[in-house]
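In what follows, every heavy atom counts, from backbone to side chain, and hydrogens, waters and symmetry copies are set aside.
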Amino acid sequence: MRAVRFDEYGGVDVLEVREVEDPVAGRGEVLVAVKTAGINPGEIAIREGRLHERWPATFPSGEGTDLAGVVQALGADVSAFAVGEEVLGWTEQRASHAELVVVPSDQLIPKPASLSWEVAGSLFVAGLAAYASVDAVAPRAGETVVVSGAAGGVGSIAVQLARRTGASVIGLAGESNHDWLRRHGIVPVTYGEGQAERIRDATGGSIDAFIDTFGGGYVDLAIELGVAPQRINTIIDYGAVERLGVHAQGTHAIATAPLLAQIADLAADGSLEIPIARTFPLDEVRDAYRELAERHTHGKIVLLP
């Protein structure tokens with residue numbers, strides 16, 4: 001099979017698509033032919049070595065967590081799925097950017113028929129990171145929540161989930177994404193210089209919770225705006241977590257197949273929109289990550305093995 005590999009930490013140029021041995025499903029595992037696999041900012045940080053202390057790589061390393069595809073074979077003791085069934089889920093082995101992947105059966109769910117392959121293959125990391133972030137700050141009806149990176153892969157989902165709690169939601173985003181936010185009941189505020197005052201104007205100065213999906217000082221901004229540390233969650237600024245004692249609840253803090261199924265059902269019935277910014281064939285994995293690294297993407301970028 002063909003799969004993404006890299007042999008050392010570095011920029012996108014270390015990524016290669018190679019011929020490697022096909023994986024074989026062991027006990028409790030499922031072999032999936034991958035149709036779509038999302039890419040995520042954390043994978044950039046891992047590949048560049050910036051998260052070596054937290055999540056070290058071993059070389060040669062694969063990459064990729066999100067996936068959707070078709071069951072090709074079942075290992076021993078797997079009865080929940082059938083060969084030919086459409087599934088989505090995740091791998092903890094940095095292995096989904098490939099034509100085939102072996103996944104424990106409890107990390108897969110049936111793909112809802114109405115869910116597009118592009119959404120199905122990019123749902124786990126961003127969807128559960130958004131859910132975890134909202135859960136961590138626990139917004140309630142009548143409260144106000146601010147979300148940074150509100151049009152990105154995680155932010156675009158977090159604003160919708162926060163809005164479903166009945167809270168008012170302020171989304172920080174570029175002006176090109178303001179109409180999309182308004183359509184989802186979110187109050188858009190342009191990020192950048194002067195954003196603190198714009199947020200105060202939009203909220204009347206009352207802010208109950210803050211979700212940071214972008215980093216780069218937003219946790220400090222939340223503190224400046226008077227948000228209590230226990231009502232702030234970041235999925236990226238680990239330095240701020242150590243300095244300020246805010247939450248850092250992300251995907252793997254809550255990762256379960258039943259919860260992924262809840263998110264998938266919301267997306268399948270139209271209650272939750274998962275924007276797909278662009279798709280790339282596996283051979284263009286470097287270009288996919290170059291675009292993601294610019295950090296201006298509205299929604300998810302997806303690989304098509």
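Judged by distance alone, the side chain of His247 and the main-chain N or O of Gln230 form a donor-acceptor pair under 3.5 Å. In this structure, the side chain of Thr297 does not engage the main chain of Gly299 through any donor-acceptor pair within 3.5 Å. Judged by distance alone, the side chain of His178 and the main-chain N or O of Ala173 form a donor-acceptor pair under 3.5 Å. Formation of a donor-acceptor pair under 3.5 Å by the Glu242 side chain with backbone atoms of Gly239 is not found in this model.
Cluster membership check: Leu172 shares its hydrophobic cluster with Val246, using side-chain heavy-atom separations under 4.5 Å among Ile, Leu, Val, Met, Phe, Trp and Tyr.
For the pair Arg140 and Asp208, the salt-bridge criterion is not met [side-chain N within less than 4.0 Å of a carboxylate O]. For Arg5 and Glu16, the salt-bridge test fails: no basic side-chain N is under 4.0 Å from an acidic carboxylate O. With respect to the salt-bridge test (charged N to carboxylate O, under 4.0 angstrom), the residues Arg2 and Asp22 do not qualify.
Applying the 6.0 Å contact sphere to CD of Glu86 captures more than 12 heavy atoms from other residues, nucleotides or ligands.
Cation-pi check for Arg231 over Phe210 is not met; the charged atom does not lie both under 6.0 angstrom from the ring centroid and within 45 degrees of its normal. Both tests hold for Arg295 against Phe214: distance to the six-membered ring centre under 6.0 Å, angle to the ring axis within 45°.
Side-chain atoms of Asp66 and Asn40 include a donor-acceptor pair closer than 3.5 Å. No side-chain donor-acceptor contact under 3.5 Å links Tyr131 and Gln262. In this model, no donor atom of one side chain and acceptor atom of the other lie less than 3.5 Å apart for Glu53 and Tyr238. Side-chain contact annotation: His184 with Glu273, donor-acceptor N/O pair under 3.5 Å present.
With Val14 as reference, Glu8 is the one residue of Glu8, Arg286, Glu48 to meet the side-chain contact (heavy atoms from CB on, under 4.5 Å) rule. The residue from Thr213, Asp212, Asn233 that alone fulfils the side chain to side chain donor-acceptor pair (under 3.5 Å) condition with Ser133 is Asn233.
Between Phe124 and His252, the two ring planes are perpendicular [angle over 60°; tilted spans 30° to 60°].
Here Tyr9 and Phe59 bring their ring centres to under 6.0 angstrom of each other.
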Item checked: Trace of the salt bridge (Lys or Arg N to Asp or Glu O under 4.0 Å) decision for Glu224 with Arg200 -> CA-CA 11 Å; Glu224 176 189 339; Arg200 291 189 182 98; 3.7 Å; yes

